[in-house]
There are 2 protein chains.
Amino acid sequence: MAKNVDIKRAKILEVAKRRFAHFGMAKTTMAEIAKDLSFSKALLYYYFPDKHSLYTAVMEYVVNEMIQKNEEFLEKSQDVEKALMFVLESRMDLMKENYNLFEYSSSFFMQNPGEVGKSLGPFFEKAKELFAKILKIGVDKGELQVDDIQETAELLLFAQMGMKAGILNQEMNDCFFPSPDDFDMILHKQKKMVSIFVRGLKA
Amino acid sequence: MAKNVDIKRAKILEVAKRRFAHFGMAKTTMAEIAKDLSFSKALLYYYFPDKHSLYTAVMEYVVNEMIQKNEEFLEKSQDVEKALMFVLESRMDLMKENYNLFEYSSSFFMQNPGEVGKSLGPFFEKAKELFAKILKIGVDKGELQVDDIQETAELLLFAQMGMKAGILNQEMNDCFFPSPDDFDMILHKQKKMVSIFVRGLKA
DNA sequence: TTTTGAACATTTAAAAGAATTAGTCAAGGT
DNA sequence: ACCTTGACTAATTCTTTTAAATGTTCAAAA
């Protein structure tokens with residue numbers, strides 16, 4: 001029974017998440033995390049092979065939590081537009097709460113494209129698949145008409161990334177550190193975008 | 001009569017454009033530009049106050065050329081979707097030919113947000129206005145129904161930025177140096193995007 | 001199996017110096 | 001007065017070096 005190990009891993013994840021979300025990946029040390037848990041640095045390496053794995057595990061933990069909430073929502077409501085809005089909102093909430101967690105991913109992106117493909121790519125895939133799932137609901141209900149669901153889901157995802165990039169660029173305060181207002185603005189644009197997009201797919 | 005001055009400025013712009021487009025802003029020196037024109041570096045500063053102004057002037061020169069072509073197209077065809085496609089295509093051509101010219105703008109963006117607002121912001125504005133103009137054609141013809149044209153144009157622009165960002169991220173070769181294939185892929189996605197978007201605005 | 005302190009290795013940060021390049025100026029040519 | 005220039009200065013970028021911080025390993029102990 002590996003139960004004990006799992007509990008400990010969960011504790012580590014919890015603490016690491018707090019630090020990562022607050023100060024970002026770069027500015028939290030393994031020593032700090034260990035100290036928070038009041039045990040030795042070396043022990044961290046007993047449970048996680050390296051810092052990067054720990055980071056990825058935290059990401060996975062956080063993202064899965066959200067995905068699950070989304071899936072649950074999908075069970076209840078079969079309304080395509082509402083479902084998409086819900087996804088947008090929970091994504092945004094997640095980013096607000098754990099901004100520095102993702103900040104690292106974004107900036108790491110631009111520097112180590114090779115590595116990040118394996119650790120960050122999956123999250124994009126998950127987001128894409130979620131969109132695809134929602135679109136499929138619309139198609140099955142005969143509400144929407146789309147030839148290639150996968151590709152359309154990707155389009156939708158990219159368009160929403162664009163909203164973020166667009167706002168961040170034109171605000172251009174400390175670039176890459178969206179203010180709360182920025183988040184609201186991004187969400188607002190994304191919603192409008194989705195609205196038009198879905199309308200454009202109506203059968 | 002400032003004719004002579006204008007001719008010289010034009011010559012400088014022409015040469016500077018070639019170098020910037022080839023090697024980018026950072027890796028072309030004022031000395032090189034001067035040498036290409038076979039006159040002294042100091043003379044450049046007689047016609048342009050500094051390097052940044054020269055760069056901006058080149059950008060303006062290049063972008064205006066494209067905008068004008070677009071406006072001409074608009075005179076002929078009043079078809080909204082075709083007009084948008086034309087804009088996308090000419091934008092992409094421009095980027096293919098002068099990639100490093102824009103590359104600098106993008107990367108400068110993320111570092112000196114304050115400065116770039118004045119030198120790069122106007123180009124975004126122009127693009128936005130062009131989209132707005134096209135959308136207005138559709139509205140005037142009664143084809144489209146949009147409440148806020150300015151905002152919708154912005155949405156469209158951002159969405160297209162997203163296509164670029166999205167493709168560049170998932171290709172992740174040497175990040176930020178799109179291959180010719182990438183350009184094609186981006187254009188393809190952008191066209192699909194526009195298609196759906198316009199359909200979503202149909203009256 | 002789990003935990004640790006101490007040692008090791010790798011990354012980052014800062015400082016100093018050299019080299020490149022942006023930008024200025026007084027003077028000369030037209 | 002309008003152009004043009006070479007030589008000068010100032011600012012920036014590029015190396016190199018060094019020191020510090022931090023990630024990672026490991027033998028030994030609980």
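Numbered from 1 within each chain, the chains take letters A, B, ... in sequence-line order. Below, each value reflects all heavy atoms present in this structure, side chains not excepted, and no hydrogens, waters or symmetry copies.
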For the side chain of [X], counting heavy atoms from C-beta on, which of [options] is nearest?
X: B:Asp50; options: C:dG23, C:dC25, C:dT2; result: C:dG23
X: A:Val5; options: D:dG23, C:dT2, C:dA22; result: C:dT2
X: B:Tyr45; options: C:dA22, C:dG5, C:dT2; result: C:dA22
X: B:Ser40; options: C:dA22, C:dG5, D:dT5; result: D:dT5
X: B:Tyr47; options: D:dC3, C:dT4, C:dA22; result: D:dC3
X: A:Leu43; options: D:dT4, C:dT2, C:dT21; result: C:dT2
X: B:Met30; options: D:dC2, C:dT4, C:dA22; result: C:dA22

Between atom [atom1] in [X] and atom [atom2] in [N], what is the gap in whole Å?
X: B:Tyr46; N: C:dT30; atom1: OH; atom2: C1'; result: 12 Å
X: B:Ile7; N: D:dC2; atom1: CD1; atom2: P; result: 17 Å
X: A:Phe48; N: D:dT22; atom1: CZ; atom2: C1'; result: 19 Å
X: B:His52; N: C:dT21; atom1: NE2; atom2: P; result: 18 Å
X: A:Asp6; N: C:dT1; atom1: CG; atom2: C1'; result: 15 Å
X: A:Asn4; N: C:dT2; atom1: CG; atom2: C1'; result: 10 Å
X: B:Phe39; N: C:dG29; atom1: CZ; atom2: C1'; result: 17 Å
X: A:Tyr55; N: D:dG23; atom1: OH; atom2: C1'; result: 17 Å

Salt bridge flag under 4.0 Å for residues A:Asp184 and A:Lys96: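 Judged by the 4.0 Å cut-off on N to carboxylate O distance, A:Asp184 and A:Lys96 do form a salt bridge.
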Charged N-O contact under 4.0 Å between A:Glu32 and A:Lys35: no
Residue from A:Asp6, A:Val5, A:Leu13 passing side chain to side chain contact (heavy atoms under 4.5 Å, CB included) with A:Tyr47: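 Between A:Tyr47 and the candidates, side chain to side chain contact (heavy atoms under 4.5 Å, CB included) is satisfied uniquely by A:Val5.
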Distance-only donor-acceptor test, A:Lys41 side-chain atoms vs D:dT24 base atoms, 3.5 Å: yes
Touch class at under 4.0 angstrom, heavy-atom based, for A:Thr28 against every strand present: sugar-phosphate
Position toward the 5' end of DNA chain D (nearest nucleotide), A:Ala42 or A:Glu32: A:Glu32
Pair A:Lys27, A:Asn100: side-chain N/O donor-acceptor within cut-off below 3.5 Å: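 Judged by distance alone, the side chains do not pair up.
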Test salt bridge (Lys or Arg N to Asp or Glu O under 4.0 Å) applied to A:Lys189 - qualifying residues, sequence neighbours left out: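 With sequence neighbours excluded, A:Lys189 shows a salt bridge (Lys or Arg N to Asp or Glu O under 4.0 Å) to B:Glu151, B:Glu154, given in chain and number order.
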